[in-house]
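Below is one structure, written out as structure tokens; comments come after it.
The model shown is predicted, which means the values in this text are computed figures rather than measured ones. Nothing fancy with the numbering, it's 1 onward along the sequence.
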Amino acid sequence: MKKIAAAIAVILCLLQGVPFMSGCKKETNEETPFDYASLYRTEKTEAYDEEARATSRARYGYTKSSVQGYNDWYYLYGNKDAYSEMSFDSVSGVWQGDGAEMQGEEMRPSASAAAVRMFETQRGGNAVVYGNYKCADSSSASAHIAVYAGEKMLYEGDLQAGDTVGKYFEVSVSLNTGDKLYFCVSGENSCVLFDPVVTFEDAQNESLYHLTAQGKQYGDVFPYYDEEEHKLYMGFLWSDNAALENNYHDALEISENMLTFTDVPEANNYDVWQHYKEKYRLNFLYDVNRFVDKSIYSFGVRDNMLYFDEENQRYLMIAGCYYQFDGAAQTSDLVIYASDDPLALSWTQPGNVVEAGYSRNLPECPSLMKIGDRWYAFVSVAYNTAHQVGPLQYWTGDEGVDCMEVDWSEKDFAFLDGEDLCAARPTQVGDKVYMWGWIPSTYDTMPWAPWAGYLNLPREIVQRGDGSLGGRLDPGLSALLNYGNIYTFGTGNYTVESGAASDESGMLKMNGKNNYVRLGDDEFHRTYTTFRADMSQSDKIAYVMRQDNREYQVCIERENGQLYMKVLSPDDPSHKVNSTIALSSDTDIFEIKIVCDGEFIEFFVNDDTALTAHTAMTGTSHTAYLYSDGNATFSDIKISKLRPYGDI
């Protein structure tokens, strides 16, 4: 009896902090929109360490510091050849001089004086100076930006009034120890955000698709967002070689901004790991095999997730339940089980089978979630793609029907992404739902050694009017990734390479077949591209990148009346179709966003469908084109620099 009482006490403690993941259930104030930007904001509580760095950002000087020259950054006012040091007002926290001001990233010139950041380098060599400058808000006046190395002008540009996206600049320069760089902003009534960077290590091209804090790649992920802490707990598996027995390892990283992570080894971090297990990885705390009907599934459970459903005071488990799992056969069903009580003591209810009859196609990384008044079952099925690990598919339950009452066998599954985002899982973030998975490290095969890849960017899951689900790049992340404009379509900055096309009032109109229009004369590297496309008279439109005599297409294509998003590599000998997903809507007008970071592409259409792809592209630059097979119109065509990982 004492053991039973003790077990009940532990379970009751767990119940106090283990809510079931149910998206869009919280009451929200309609007058206060969801603050997407706050998800990606990191609040620095102390100054950066003062140390020599190969890359120095202006923020290393001004963050939580009021000292001229801290980390070699200075705050000046005046005009060329006549700069003076600003003084710091400790009450307002503002640097001031002759009416010009600086506070954090903001630079506010006066009618008579520019606001000037100055960096004095402590090393010599070939450097790159780069950054994004933009208006702090729509009320800012226009501004002029100039960058000097000593008296030599490196760059100048004009910022239009109210431009809150701004421009990206990048210049290479040879520097000697003690050289001074001046970043000058002029223009009365302007307020400019400008956090320039000086790097000796190519920091401007640091990919968003990164290794773990320990230099590993990410395998199957288990994301949990803690609302009270405003932190993302990213549990994951990693393996240096999946062909070796018992070569899978659990790991945990934590992020304050959903993008950059800190490693939390289990050793010496018992409380953190226990908190994570009690909040999300409940299967670590229970013998889940006792929750299934072993008279049916004699092998028991493999991949599973266990939740506490607070609304109905019960535990729910979704699992791959196996009849047999050995070299001869691997047969299973995907099943939902529910406890009879809130203590997980009794599980007498028959399981509700979501999908029956898997044979070697393993149902992996399952999830269960209520979004609005519908239940959804998720799973990734192995051995269906070149990567072995499957893409995320889901079933949609009926409105107002409990997950244990839904007749899942009558439901067809759909996909939330294509084959290049493996084993993804949804998780609740506030009253929204997000998903993470891993992009295989090899673009055309199964990644065995290491068995793993790279995290996708945070992906918001959206619920469409018919109950189906899609993905989008949320507005907060979209704004963060846009590191400033480098190309806007207009008269004289495009070339018709084949077919027929013309500029009509800023719109690119294509006519006939096989139309290719090159955008600009330059090559691009790490880009965030946006445009609007009308393909009502075309069977295919595409954003095309050419690199090393190969073409890569990010396209929408019509096949037998159905529209598909695709990423294609027509010149690749081994993997011509990187990834594809059907579009849900019947419109022919699309708002398109494309993240291209070296070999990785994330493609978003109409804020309700997303596609991830891994191509054979390298981390070098490419030329860019728009394409149509038939009459099509493109508008609002813009290419921006993609924010480097280190500048998040």
Side-chain angles (χ1 to χ4, degrees), residues 9-46 64 212-213 221-236 250-286 305-316 342-344 367-372 424-436 455 457-461 474-477 480 648:
V10 170
I11 293 170
L12 287 172
C13 288
L14 293 178
L15 292 181
Q16 293 176 9
V18 189
F20 183 77
M21 288 169 32
S22 178
C24 307
K25 277 198 64 180
K26 294 185 177 181
E27 295 294 329
T28 58
N29 185 345
E30 294 183 0
E31 296 180 358
T32 305
F34 188 84
D35 185 5
Y36 285 100
S38 68
L39 297 177
Y40 308 103
R41 191 178 299 129
T42 303
E43 297 295 339
K44 188 76 174 169
T45 58
E46 56 186 22
K64 300 296 181 180
T212 73
V221 296
F222 304 86
Y224 165 71
Y225 191 81
D226 190 298
E227 284 296 318
E228 294 182 0
E229 297 179 354
H230 299 288
K231 292 180 180 179
L232 175 67
Y233 286 69
M234 183 63 72
F236 61 95
D250 270 292
L252 176 64
E253 294 182 339
I254 295 179
S255 174
E256 295 181 2
N257 58 20
M258 303 216 304
L259 291 166
T260 60
F261 292 87
T262 300
D263 180 50
V264 185
E266 190 163 9
N268 301 319
N269 288 288
Y270 173 83
D271 289 345
V272 177
W273 274 76
Q274 190 67 13
H275 173 76
Y276 172 58
K277 293 173 184 178
E278 291 175 1
K279 291 289 188 179
Y280 187 65
R281 299 290 294 278
L282 291 173
N283 56 318
F284 276 6
L285 306 178
Y286 292 87
M305 281 301 287
L306 179 65
Y307 308 97
F308 182 68
D309 177 6
E310 189 172 6
E311 181 180 5
N312 297 295
Q313 291 294 294
R314 62 183 176 178
Y315 278 86
L316 291 167
L343 302 179
S367 299
L368 183 66
M369 178 178 281
K370 188 178 183 183
I371 304 176
R425 287 187 188 274
T427 196
Q428 189 172 338
V429 178
D431 62 353
K432 309 299 180 183
V433 178
Y434 281 73
M435 61 181 267
W436 282 267
L455 292 179
L457 298 174
R459 174 82 52 80
E460 184 182 4
I461 294 178
D474 76 51
L477 185 54
L480 179 67
I648 292 172

[X]: which residues meet the side chain to side chain donor-acceptor pair (under 3.5 Å) condition with it, sequence neighbours left out?
X      : value
Tyr225 : none
His230 : none
Glu256 : none
Thr262 : none

- prompt: Under the side-chain contact (heavy atoms from CB on, under 4.5 Å) criterion, do Leu252 and Tyr233 qualify, and how do the steps go?
  reply: CA-CA 7 Å; Leu252 176 64; Tyr233 286 69; 4.1 Å; yes
Which heavy atom of [X] sits nearest a heavy atom of [Y], and at what distance?
X      : Y      : result
Pro458 : Leu477 : O-CD2, 3.6 Å
Leu368 : Tyr307 : N-OH, 3.3 Å
Lys432 : Tyr434 : CB-CE1, 3.8 Å
Phe34  : Gly430 : CE1-CA, 4.3 Å
Gln428 : Met369 : N-CE, 4.0 Å
Leu457 : Trp436 : C-NE1, 4.4 Å

Within this structure, what is the [atom1]-[atom2] distance for the pair [X] and [Y], rounded to the nearest 0.5 Å?
X      : Y      : atom1 : atom2 : answer
Met305 : Arg425 : CE    : CZ    : 5.0 Å
Met258 : Leu480 : CE    : CG    : 10.5 Å
Leu259 : Leu455 : CG    : CG    : 10.0 Å
Leu232 : Thr427 : CG    : OG1   : 7.5 Å

Considering only distance and modelled atom types, tabulate donor-acceptor pairs under 3.5 Å from the side chains of residues 265-272, sequence neighbours left out.
from: Glu266; atom 1: OE2; to: Lys277; atom 2: NZ; distance (Å): 3.2
from: Asn269; atom 1: ND2; to: Pro265; atom 2: O; distance (Å): 2.8
from: Asn269; atom 1: ND2; to: Ala267; atom 2: O; distance (Å): 3.4

field: side-chain contact (heavy atoms from CB on, under 4.5 Å) between Asn283 and Phe222, intermediate numbers included
entry: CA-CA 12 Å; Asn283 56 318; Phe222 304 86; 5.8 Å; no
Does the side chain of [X] reach to within under 4.5 Å of the side chain of [Y], using non-hydrogen atoms?
X      : Y      : result
Val221 : Met234 : yes
Phe308 : Arg314 : no
Tyr315 : Leu306 : yes

task: Step by step, work out the salt bridge (Lys or Arg N to Asp or Glu O under 4.0 Å) result for Lys231 and Asp226.
output: CA-CA 5 Å; Lys231 292 180 180 179; Asp226 190 298; over 6 Å; no
Salt bridge (charged side-chain N to carboxylate O under 4.0 Å, His left out) involving Asp250 - partner list, sequence neighbours excluded: Arg281
- request: Mind telling me whether Tyr224 and His275 have parallel, tilted or perpendicular rings, with 30° and 60° as the class edges?
  value: perpendicular
query: Under the side-chain contact (heavy atoms from CB on, under 4.5 Å) criterion, do Phe236 and Thr212 qualify, and how do the steps go?
result: CA-CA 10 Å; Phe236 61 95; Thr212 73; 3.7 Å; yes
message: Please determine whether side-chain contact (heavy atoms from CB on, under 4.5 Å) holds for the pair Phe284 and Tyr276, giving the CA-CA distance in whole Å, both sets of side-chain angles, and the decisive distance to 0.1 Å.
response: CA-CA 10 Å; Phe284 276 6; Tyr276 172 58; 5.6 Å; no
